[in-house]
Amino acid sequence: MSDARPTSIRIFLAEGVPEGLRIVEKSNWTGRAVVAGRAQLGQALARDELNQPGVYVLTGPAEEGAPRLYVGEADVLRERLRQHVAGKDFWTRFVAFTSTNEGLNKAHVRYLESRLL
């Protein structure tokens, strides 16, 4: 038997289209996800959510059958994602996770990064 429980997920379409910048929240969870393509990075960097500590995943097209992923953590997500524009060419989309109540510190994000890896 599964431990699955009903839940509610709220997706805010910041640009009004499903392919654009999205902000995702789950009920009874103090986290928030920012999801965007590389083309929407400018709009995403303007969001307050990315001015906090968190973890992120960069995704890119498949290479020899497997999609490329990069997992990282940052004290300020905005600064770290900006660095990846110049330093990593493979990615086409990112998902950044942060807290809605500013409850993440360096130890938390390092733990989350290790769990994602």
Side-chain angles (χ1 to χ4, degrees):
M1 199 183 309
S2 173
D3 287 340
R5 289 181 265 167
T7 191
S8 176
I9 297 175
R10 186 173 70 163
I11 302 172
F12 174 67
L13 305 175
E15 299 172 336
V17 294
E19 306 82 29
L21 173 65
R22 297 175 301 273
I23 310 301
V24 182
E25 295 179 356
K26 180 181 174 277
S27 62
N28 297 321
W29 183 53
T30 59
R32 180 176 289 149
V34 178
V35 183
R38 192 176 185 126
Q40 292 90 28
L41 183 64
Q43 296 97 310
L45 293 177
R47 305 271 322 172
D48 287 338
E49 292 90 349
L50 297 184
N51 201 32
Q52 300 180 47
V55 295
Y56 60 93
V57 178
L58 305 177
T59 65
E63 185 174 289
E64 298 180 19
R68 294 184 68 184
L69 295 174
Y70 179 90
V71 176
E73 56 87 12
D75 289 329
V76 180
L77 286 163
R78 175 180 293 130
E79 293 172 9
R80 191 70 176 123
L81 289 168
R82 245 190 221 125
Q83 292 172 352
H84 288 314
V85 171
K88 300 205 180 312
D89 292 331
F90 78 91
W91 65 277
T92 57
R93 179 172 309 283
F94 77 90
V95 180
F97 296 95
T98 190
S99 170
T100 59
N101 63 2
E102 298 180 18
L104 293 177
N105 62 34
K106 188 68 168 179
H108 293 127
V109 295
R110 284 193 172 166
Y111 171 78
L112 292 170
E113 178 190 34
S114 72
R115 296 297 298 169
L116 284 169
L117 289 172

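In this text the structure is predicted, and so the values were computed from the model without any measurement.
Between the side chain of H108 and the backbone N or O of N105, at least one donor-acceptor pair lies under 3.5 Å. Side-chain N or O atoms of R38 include one that pairs as donor or acceptor with a backbone N or O of W91 at under 3.5 Å. Between the side chain of T98 and the backbone N or O of P53, at least one donor-acceptor pair lies under 3.5 Å.
Between E102 and S99 the shortest heavy-atom distance is N-OG, 3.3 Å.
Using a 4.5 Å cut-off on side-chain heavy atoms (C-beta onward), T92 and P61 make contact. A heavy-atom distance below 4.5 Å is found between the side chains of L69 and V57. Between E73 and K106 there is a side-chain heavy-atom pair separated by less than 4.5 Å.
A side chain to side chain contact (heavy atoms under 4.5 Å, CB included) with V34 is found for one member of V24, L45, I23 and no other, namely I23. When each of V109, V71, L77 is checked for a side chain to side chain contact (heavy atoms under 4.5 Å, CB included) with Y56, only L77 meets the rule.
The distance from the CG atom of L41 to the CZ atom of R93 is 12.5 Å, given to the nearest 0.5 Å.
Partners of F90 according to the side chain to side chain contact (heavy atoms under 4.5 Å, CB included) rule, which considers only residues two or more places apart in sequence or in another chain, are L58, R68, Y70, K88.
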request  = Applying side-chain contact (heavy atoms from CB on, under 4.5 Å), run through H84 and F94 and close with a yes or a no.
outcome  = CA-CA 11 Å; H84 288 314; F94 77 90; over 6 Å; no
request  = Step by step, work out the side-chain contact (heavy atoms from CB on, under 4.5 Å) result for K26 and T7.
outcome  = CA-CA 7 Å; K26 180 181 174 277; T7 191; 3.6 Å; yes
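The number of heavy atoms from other shown groups lying within 6.0 Å of CG (N101) is above 12.
Taking the six-membered ring for Trp and thresholds of 30 and 60 degrees, W29 and F97 have ring planes more than 60 degrees apart, a perpendicular arrangement.
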Output side-chain donor-acceptor pairs under 3.5 Å for residues 8-20, partner residues at least two apart or in another chain, one line each.
unit_1: R10; atom_1: NH2; unit_2: E25; atom_2: OE1; d: 2.6
unit_1: E15; atom_1: OE1; unit_2: L21; atom_2: N; d: 3.4
unit_1: E15; atom_1: OE2; unit_2: Q43; atom_2: NE2; d: 2.7

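Residues V95 and V55 share a single hydrophobic cluster, defined by chaining ILVMFWY side chains whose heavy atoms lie under 4.5 Å apart.
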